[in-house]
**Student:** 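The following block contains the structure, expressed as structure tokens.
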Protein chains: 2
Amino acid sequence: MTATTQPLAAAHGVGRALRPTGKVLPEHARAHNRSLVLAHLFHIGHASRADIARSTGLTRVTVSGLVAALIAEGLVEELGVRVEGKVGKPATLVGMRTEAFQIVAVDLTDDAHLLGAVMTLVGAVVDRRSVALEGRTGEAAADLLESLCRDLLAAATRPVIGVGIASPGVIDLDGTVVQAPNRGWYDLPLAARLTESLGVPVHVANDANTRALGEFTYGSAAGSGCMVVTIGEGVGAGIVVDGALVLGRHHAAGEIGHVTVVDGDVRDEPPLGCACGRSGCLETVLSVPALRRRTAGLSREDSDAALASVGRLLGIALAPVVSALDLAEVLLSGPPELLDGALRESALATVRARTMPVIGHGLALRMGSLDEDGALAGAAVLVLSGQLGVS
Amino acid sequence: MTATTQPLAAAHGVGRALRPTGKVLPEHARAHNRSLVLAHLFHIGHASRADIARSTGLTRVTVSGLVAALIAEGLVEELGVRVEGKVGKPATLVGMRTEAFQIVAVDLTDDAHLLGAVMTLVGAVVDRRSVALEGRTGEAAADLLESLCRDLLAAATRPVIGVGIASPGVIDLDGTVVQAPNRGWYDLPLAARLTESLGVPVHVANDANTRALGEFTYGSAAGSGCMVVTIGEGVGAGIVVDGALVLGRHHAAGEIGHVTVVDGDVRDEPPLGCACGRSGCLETVLSVPALRRRTAGLSREDSDAALASVGRLLGIALAPVVSALDLAEVLLSGPPELLDGALRESALATVRARTMPVIGHGLALRMGSLDEDGALAGAAVLVLSGQLGVS
DNA sequence: TTTGTAAGGAAGGTCTACTAACAAACGTGA
DNA sequence: TCACGTTTGTTAGTAGACCTTCCTTACAAA
């Protein structure tokens with residue numbers, strides 16, 4: 001080979017930008033720093049302006065200005081003087097007014113009911129409503145959703161900063177439902193439409209992703225890399241890498257329910273047909289109905305063995321993902337009586353056995369810390385993040 | 001269930017920031033916009049100030065200021081007047097001076113030699129040097145690397161903007177080699193040390209990751225999500241999600257070589273022992289030595305069958321990753337005579353058979369567009385990105 | 001020759017955050 | 001008791017970055 005070779009690409013028209021970046025204006029910096037202060041108060045609870053200045057790196061002057069703006073907006077309030085007696089002028093504490101505003105959250109995961117709630121900014125449920133779908137799909141389902149949102153907005157006892165919706169299906173960044181077969185929605189600009197008709201900002205995201213966001217913000221999921229596997233009628237997942245949700249090329253990231261895990265030529269397990277038209281999918285063994293069928297009428301011992309064998313299949317599917325992303329945690333979300341036992345332990349043992357020690361050793365595979373309200377909590381996070389830049 | 005439940009978390013001390021954000025100052029905005037203009041010129045080749053203003057969204061005035069600064073730094077030059085006659089004052093084109101500076105890149109992938117090159121900003125190799133390691137490890141290997149860098153810096157015919165190094169092993173964001181067993185390096189702050197001793201900015205990253213960066217910047221890899229699987233003495237991968245490399249909890253993302261793919265209870269393939277102390281790892285069947293052993297002396301037909309069976313194992317390992325991340329592309333980097341045939345086709349067919357149609361259908365699984373200089377090109381991208389904000 | 005279009009630059013205004021300086025409030029120690 | 005140091009939060013002034021507006025230059029088309 002000669003010392004001088006052809007350029008790897010022509011000088012002109014080489015490649016594309018690594019990250020689709022746009023211009024940054026001073027006002028963007030302002031908005032960023034405002035969110036920085038607000039997020040700090042959200043997570044810490046309360047602090048003095050000087051405290052915030054120290055932990056953000058901004059000057060006291062700048063922080064005072066930002067806090068004054070936040071107080072003017074009603075998002076922050078002064079909480080009086082700090083009692084601890086140290087030297088110097090006592091600090092006046094400020095805190096986010098987490099009880100002064102509310103969020104409306106809706107969970108569309110269930111095939112039979114729409115579940116909604118009025119929540120505080122810290123994820124507490126203030127009021128709940130649910131309506132039966134009674135087979136409605138398409139336009140009728142969307143209308144029912146809108147009326148549920150109106151009910152919840154009317155039920156709120158404080159100003160509502162936004163509506164968050166967790167929906168099954170493929171949903172893009174604008175909150176357009178690309179496809180949600182169970183609801184009969186295709187290319188439905190749900191967020192835009194409801195924002196218009198309700199007069200309140202509406203955010204929509206996939207339910208598994210939302211659940212991951214909820215675990216991440218209100219729960220204890222690791223930000224460096226974690227995956228929340230949601231097990232219900234189907235099996236899905238939301239993945240957080242470097243503090244951001246992974247969306248994927250078709251906004252279909254996390255769709256691990258239809259990865260083949262049961263091969264035709266293996267031992268005694270015949271692959272089962274799946275709703276997706278193929279067979280041997282993870283969902284055919286790991287969905288709640290499949291697990292209930294499999295363990296029905298079995299003794300505790302036999303049931304545990306059956307759950308362990310499913311856990312092994314889950315572990316086999318997880319191992320490559322955990323290795324490739326060097327994940328810190330995998331959380332399971334679903335009925336604990338089925339998941340939090342032999343299944344979980346078997347899955348963890350399998351992942352550890354099938355990955356490098358450095359990766360598998362520190363891995364945690366545990367139940368999510370949120371209960372069935374996980375998707376609602378995540379929907380609330382959509383609003384917090386979208387409207388306040390807090391999460 | 002009562003309508004009002006406990007908060008999901010206390011109002012104080014809830015969660016953590018979704019993304020570890022810091023303060024943003026106006027000067028950061030300036031630097032960002034400067035990189036934006038430079039990156040535009042890097043990718044487009046040449047354009048008028050007004051063109052840049054239109055495509056970045058900045059005003060002509062701002063772009064003129066940024067371009068003037070870049071010209072003063074010697075990074076950009078005026079290229080004369082555009083010939084195409086349209087109405088209005090003709091535009092004066094400006095372009096990045098891609099030939100006016102050079103980059104030194106070093107590839108430490110090989111166990112026997114250190115490979116280095118002087119490169120232009122567009123990834124063309126101007127000069128090469130290589131030195132035999134002759135068994136050196138630890139301090140001696142680091143010293144040899146430093147002297148190679150000095151040789152290359154002396155061989156450069158233009159000012160060098162930085163040194164990029166692609167090394168095997170686990171490497172953190174600061175360019176510290178956490179562990180690289182083959183080189184005998186543990187917690188070695190390589191980038192800081194060489195930056196100090198060479199007097200030039202030095203960037204270090206994992207070789208599989210740099211290869212992914214190279215494919216991404218100079219090649220044609222998809223930014224929405226792609227994975228570059230490097231197959232050599234070992235098997236590794238670099239993953240780009242949403243335009244950014246995935247690093248992982250222990251900076252060990254991409255280590256898919258040690259995922260178990262051959263089970264003890266399956267058919268006729270006995271799992272082979274692996275250097276990692278376990279058995280059945282992907283690397284035991286997919287590394288170049290393993291492939292050569294497996295196909296040695298076989299007829300073309302038998303060899304293809306053997307390669308196809310390995311491809312199937314690769315596909316089984318890739319399917320969960322492709323599904324979970326909804327990847328657009330998987331690229332293979334390594335000897336084409338082994339990879340670009342039955343192995344690749346079998347792997348693609350296997351991934352498609354084991355994933356949802358929407359995910360597998362549009363997936364591309366092809367050879368990387370860069371040759372054995374891929375790691376060098378990626379190392380150059382480290383410098384472009386680190387020093388100029390261009391990539 | 002006139003008219004319209006477009007490029008590039010100069011002047012002035014707004015926004016942002018910083019530094020410097022200061023008053024208020026409190027503990028400490030003589 | 002009172003001066004002093006420490007810490008908080010504010011005021012005033014400065015530097016940087018971008019914007020809008022206006023101007024000159026330069027060319028094509030009528």
Side-chain angles (χ1 to χ4, degrees), chain A residues 21-38 40-41 44 46-73 76-95 389, chain B residues 21-38 40-41 44 46-73 76-95 389:
Chain A
T21 46
K23 63 176 174 179
V24 171
L25 274 47
E27 67 205 70
H28 297 148
R30 178 73 166 183
H32 177 98
N33 289 336
R34 192 195 91 120
S35 290
L36 195 63
V37 169
L38 194 58
H40 190 75
L41 288 176
I44 297 297
H46 49 75
S48 73
R49 294 167 175 84
D51 291 335
I52 298 170
R54 273 186 292 269
S55 49
T56 59
L58 296 164
T59 60
R60 293 200 305 272
V61 181
T62 304
V63 171
S64 283
L66 291 168
V67 167
L70 290 167
I71 289 176
E73 294 175 59
V76 165
E77 62 189 342
E78 293 205 338
L79 298 171
V81 174
R82 176 180 280 152
V83 288
E84 314 150 29
K86 288 189 300 184
V87 294
K89 173 178 170 178
T92 53
L93 296 174
V94 294
Chain B
T21 46
K23 64 175 174 178
V24 170
L25 274 48
E27 67 206 69
H28 298 149
R30 178 73 167 181
H32 176 97
N33 290 336
R34 193 195 91 118
S35 290
L36 195 63
V37 169
L38 195 57
H40 191 74
L41 288 175
I44 297 297
H46 49 75
S48 73
R49 294 168 176 83
D51 291 335
I52 298 170
R54 273 185 292 267
S55 49
T56 58
L58 296 164
T59 60
R60 292 199 307 270
V61 179
T62 304
V63 171
S64 283
L66 292 167
V67 167
L70 290 167
I71 289 176
E73 294 175 58
V76 165
E77 63 189 342
E78 293 205 338
L79 298 170
V81 174
R82 175 180 281 154
V83 288
E84 313 150 30
K86 289 190 298 184
V87 294
K89 175 178 172 179
T92 53
L93 296 174
V94 295

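Heavy-atom basis, side chains included; hydrogens, waters and symmetry copies ignored. Labels below follow one simple rule: chain letters A, B, ... track the order of the sequence lines, proteins then strands, and each chain is numbered from 1.
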**Student:** Would you tell me if any nitrogen or oxygen in the side chain of A:Arg54 comes within less than 4.0 Å of OP1 or OP2 on D:dT8?
**Tutor:**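 For A:Arg54, the contact criterion (side-chain N or O under 4.0 Å from OP1 or OP2 of D:dT8) is met.
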
**Student:** Between D:dA17 atom P and A:His28 atom NE2, what is the distance in whole Å?
**Tutor:**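 Nearest whole value for this atom pair: 17 Å.
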
**Student:** How far apart are the closest heavy atoms of A:Pro90 and A:Val81, and which atoms are they?
**Tutor:**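 The answer is CB-CG1, 3.4 Å.
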
**Student:** At under 4.0 Å, does any side-chain N or O of A:Arg30 touch on OP1 or OP2 of C:dC15?
**Tutor:** no

**Student:** Closer to the 5' end of DNA chain D via nearest nucleotide, is it A:Ala91 or B:Ala29?
**Tutor:**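 The 5'-side residue here is A:Ala91.
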
**Student:** Taking all atoms of both residues into account, what is the closest heavy-atom pair of B:Val24 and A:Ala29, and its distance?
**Tutor:** CG1-CB, 3.6 Å

**Student:** If I take atom CG in residue B:Leu93 and atom P in nucleotide C:dA7, what distance separates them, rounded to the nearest angstrom?
**Tutor:**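 Whole-Å distance recorded here is 11 Å.
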
**Student:** Just N and O in the side chain of A:Ser64: are any of them under 4.0 Å from OP1 or OP2 of D:dG9?
**Tutor:**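 So the side chain of A:Ser64 is outside the cut-off, no N or O lying under 4.0 Å from OP1 or OP2 of D:dG9.
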
**Student:** Identify the two heavy atoms, one from A:Val76 and one from A:Leu41, that lie closest to each other, and give their separation to 0.1 Å.
**Tutor:** CG2-CD1, 3.9 Å

**Student:** Without hydrogens or angle criteria, can the side chains of B:His40 and B:Thr56 be said to hold a donor-acceptor pair below 3.5 Å?
**Tutor:**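 On atom types as modelled, these side chains do not qualify, holding no pair under 3.5 Å.
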
**Student:** Which residue lies toward the 5' end of DNA chain D, A:Ser48 or A:Val24, if each is placed at its nearest nucleotide?
**Tutor:** A:Ser48

**Student:** Can you tell me the distance, in whole Å, between the CD1 atom of B:Ile71 and the P atom of C:dG8?
**Tutor:**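 Those two atoms, CD1 and P, are 11 Å apart.
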
**Student:** Which part of the nucleic acid, if any, lies within reach of B:Arg34 when heavy atoms closer than 4.0 Å are counted: base, sugar-phosphate only, or nothing?
**Tutor:** nothing

**Student:** What's the shortest heavy-atom distance between A:Leu79 and A:His46, and which atoms?
**Tutor:** CD1-CB, 3.6 Å

**Student:** Within the structure provided, determine whether B:His28 and A:His32 are in side-chain contact (heavy-atom separation under 4.5 Å).
**Tutor:** no

**Student:** To the nearest Å, give me how far apart NE2 (A:His32) and P (C:dA17) are.
**Tutor:** 10 Å

**Student:** Polar atom pairs between nucleotides 20-26 of chain D and protein, under 3.5 Å, N or O only, would you list them?
**Tutor:**
from	atom 1	to	atom 2	distance (Å)
D:dA26	N3	B:Lys89	N	3.4

**Student:** Take the protein atom CG of B:Asp51 and the nucleotide atom P of C:dA6, then report the distance between them rounded to whole Å.
**Tutor:**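 Whole-Å distance recorded here is 12 Å.
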
**Student:** Taking Watson-Crick (N1-N3 plus N6-O4 or O6-N4) and G-U wobble (N1-O2, O6-N3), each under 3.5 Å, can you produce the dot-bracket string of DNA chain C? Use [ ] for crossing pairs and | for inter-strand ones.
**Tutor:** ||||||||||||||||||||||||||||||

**Student:** How long is the line joining CG of B:Leu25 and P of D:dA17, in whole Å?
**Tutor:** 10 Å

**Student:** In whole angstrom, what separates A:Ile52's CD1 from D:dT10's P?
**Tutor:**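 After rounding, the gap between these two atoms is 12 Å.
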
**Student:** Check whether any side-chain nitrogen or oxygen of B:Asn33 sits under 4.0 Å from OP1 or OP2 of D:dA17, and answer yes or no.
**Tutor:** no

**Student:** Over all heavy atoms of both residues, which pair between B:Ala47 and B:Ile52 is shortest? Give the atoms and the distance, please.
**Tutor:** CB-CG1, 4.1 Å

**Student:** When the nearest nucleotide of DNA chain C is assigned to A:Leu58 and to A:Val81 on a heavy-atom basis, which residue is associated with the more 5' position?
**Tutor:**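 Nearest nucleotide further toward 5': that of A:Leu58.
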
**Student:** So which pairs with a foot in residues 47-71 of chain A pass salt bridge (charged side-chain N to carboxylate O under 4.0 Å, His left out), sequence neighbours left out?
**Tutor:**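 Found A:Arg49-A:Glu78, A:Asp51-A:Arg54, A:Asp51-A:Arg82.
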
**Student:** What distance do A:Leu58 atom CG and A:Asn33 atom CG have between them, rounded to the nearest 0.5 Å?
**Tutor:**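 If we round to the nearest 0.5 Å, A:Leu58:CG and A:Asn33:CG are 4.5 Å apart.
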
